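Here the structure comes first, spelled out in structure tokens, and everything after it is commentary.
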Amino acid sequence: MNLNTDFSQWVVIQTDNLAWSASPSTGVERKMLERDGAEVARATSIVRYVPGASFPSHVHDLGEEIFVLEGVFSDEGGDYGPGTYLQNAPGSMHAPHSREGCVLFVKLRHMDARDQQNVVVDTLKANWLPGLVPGLSVMPLSSFETRHTALVRWAPETYFSAHRHYGGEEILVIDGVFEDEHGRYPKGTWMRSPHLSLHQPFSKEGCTILVKTGHLPF
């Protein structure tokens, strides 16, 4: 399957409007946002586990990133509630499940094989750092060379300067409304901007966004 694999194009998807589709494991469903391949694929998805659902043990050849949106996600390493960020390094293995059900944002097979960091951050407890402009707060989550993942919190009426994204930018709006000169993006919006794309973002209402930069091919 090839879905949104042209990284030179802007993509904006309101994930609430997508239908759930089945995965190979009963009780695990997904909304596909980006996919290059069959079941073993570079992919970005919203994934839902119904209560009691599980997935067989598997290896992440090129890594995995997870952000828990709802419920509790579990594997051999522990239980991860809403707001937990996980990065599983290339070559890592686990058998995930959810006793009570959960909804996740998941990225597969996009990491550099040299990045061997396993990361777990409870973003509800971690510290925020001051951003580059008043009203902006940043919580770094992972970093490798040009690639950076962070939560960014915008207070109401926060405005940022126009800038370009080397290696592109990807955003999931966690809450509130994020905006730029191209549009208005409420909670649940996923957007991807190509290498050297330009915009001037702001938030009139305030928002929290999950941001990944510097990771897209060019």
Side-chain angles (χ1 to χ4, degrees), residues 1-7 9-56 58 60-75 80-88 94-111 123 141 149-152 168-179 182-194 207-213 215-217:
M1 173 184 286
N2 291 299
L3 176 65
N4 294 323
T5 55
D6 184 349
F7 296 106
Q9 299 298 310
W10 278 266
V11 182
V12 178
I13 297 173
Q14 176 46 255
T15 63
D16 290 345
N17 296 335
L18 297 179
W20 294 101
S21 59
S23 80
S25 288
T26 302
V28 181
E29 302 172 308
R30 56 203 177 186
K31 296 181 178 182
M32 299 182 186
L33 307 176
E34 168 200 317
R35 195 169 189 89
D36 186 4
E39 278 310 315
V40 177
R42 176 185 171 119
T44 301
S45 310
I46 304 293
V47 177
R48 179 171 69 182
Y49 284 64
V50 303
S54 62
F55 211 90
H58 55 280
H60 297 294
D61 292 330
L62 288 174
E64 176 184 49
E65 278 184 294
I66 295 171
F67 189 85
V68 182
L69 299 170
E70 300 174 17
V72 178
F73 174 74
S74 303
D75 65 11
Y80 313 104
T84 303
Y85 168 82
L86 301 103
Q87 178 176 283
N88 297 316
H94 70 164
H97 62 278
S98 181
R99 287 181 291 274
E100 65 180 58
C102 63
V103 179
L104 316 170
F105 176 70
V106 181
K107 291 187 66 63
L108 296 171
R109 296 181 65 84
H110 66 281
M111 293 174 61
T123 67
L141 300 174
T149 303
L151 275 184
V152 181
E169 179 185 55
E170 185 176 335
I171 290 172
L172 179 69
V173 182
I174 302 298
D175 62 43
V177 180
F178 177 71
E179 300 182 67
H182 306 298
R184 186 173 185 271
Y185 316 107
K187 176 182 177 180
T189 303
W190 177 76
M191 50 196 302
R192 194 185 69 204
S193 304
C207 65
T208 303
I209 58 176
L210 179 65
V211 183
K212 190 170 183 66
T213 59
H215 63 299
L216 299 179

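No experiment lies behind these values; they were computed from the predicted model shown. These numbers come from the heavy atoms of this one structure, side chains and all, not from hydrogens, waters or symmetry mates.
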>> Which heavy atom of Val211 sits nearest to which heavy atom of Ile171, and what is that distance?
In response: CG2-CG1, 4.1 Å
> Do the ring planes of Tyr49 and Phe73 sit parallel (below 30°), tilted (30 to 60°) or perpendicular (above 60°)?
Replying inline: perpendicular
> Looking at Pro96 and Pro56, what are the two nearest heavy atoms and their distance?
Replying inline: CD-O, 4.3 Å
> Can you tell me how far the NZ atom of Lys212 sits from the CG atom of Leu141, to the nearest 0.5 Å?
Replying inline: 9.5 Å
> Looking at Lys107, His94, Arg109, Met111, which one forms a side chain to side chain contact (heavy atoms under 4.5 Å, CB included) with Glu64?
Replying inline: His94
> Is there a donor-acceptor contact under 3.5 Å from the side chain of Ser45 to the main chain of Val47?
Replying inline: no
> Considering all heavy atoms of both residues, which atom of Thr123 and which atom of Leu151 are nearest to each other, and what is their separation?
Replying inline: CB-CD1, 3.6 Å
>> Quick test of your reading of the model: are Arg48 and Glu70 salt-bridged, counting only N-O distances below 4.0 Å?
In response: no
> Looking only at heavy atoms, which two atoms of Ala53 and Thr26 are closest? And how far apart?
Replying inline: CB-O, 4.0 Å
> Distance from Thr189 atom OG1 to Ile174 atom CD1, nearest 0.5 Å?
Replying inline: 11.0 Å
> Nearest heavy-atom pair of His97 and Ser54: which atoms, and what distance?
Replying inline: CB-CB, 3.7 Å
> Looking only at heavy atoms, which two atoms of Leu216 and Pro194 are closest? And how far apart?
Replying inline: CD1-CA, 4.5 Å
> From Leu108 CG over to Thr44 OG1, what is the distance, rounded to the nearest 0.5 angstrom?
Replying inline: 8.0 Å
>> Among His110, Glu170, Glu169, exactly one meets side chain to side chain donor-acceptor pair (under 3.5 Å) together with His215. Which residue is that?
In response: Glu170
> Rounded to the nearest 0.5 Å, what separation is found between the CD atom of Glu29 and the CD1 atom of Ile46?
Replying inline: 13.5 Å
> Rounded to the nearest 0.5 Å, what separation is found between the CG atom of Asp36 and the CZ atom of Phe7?
Replying inline: 7.0 Å
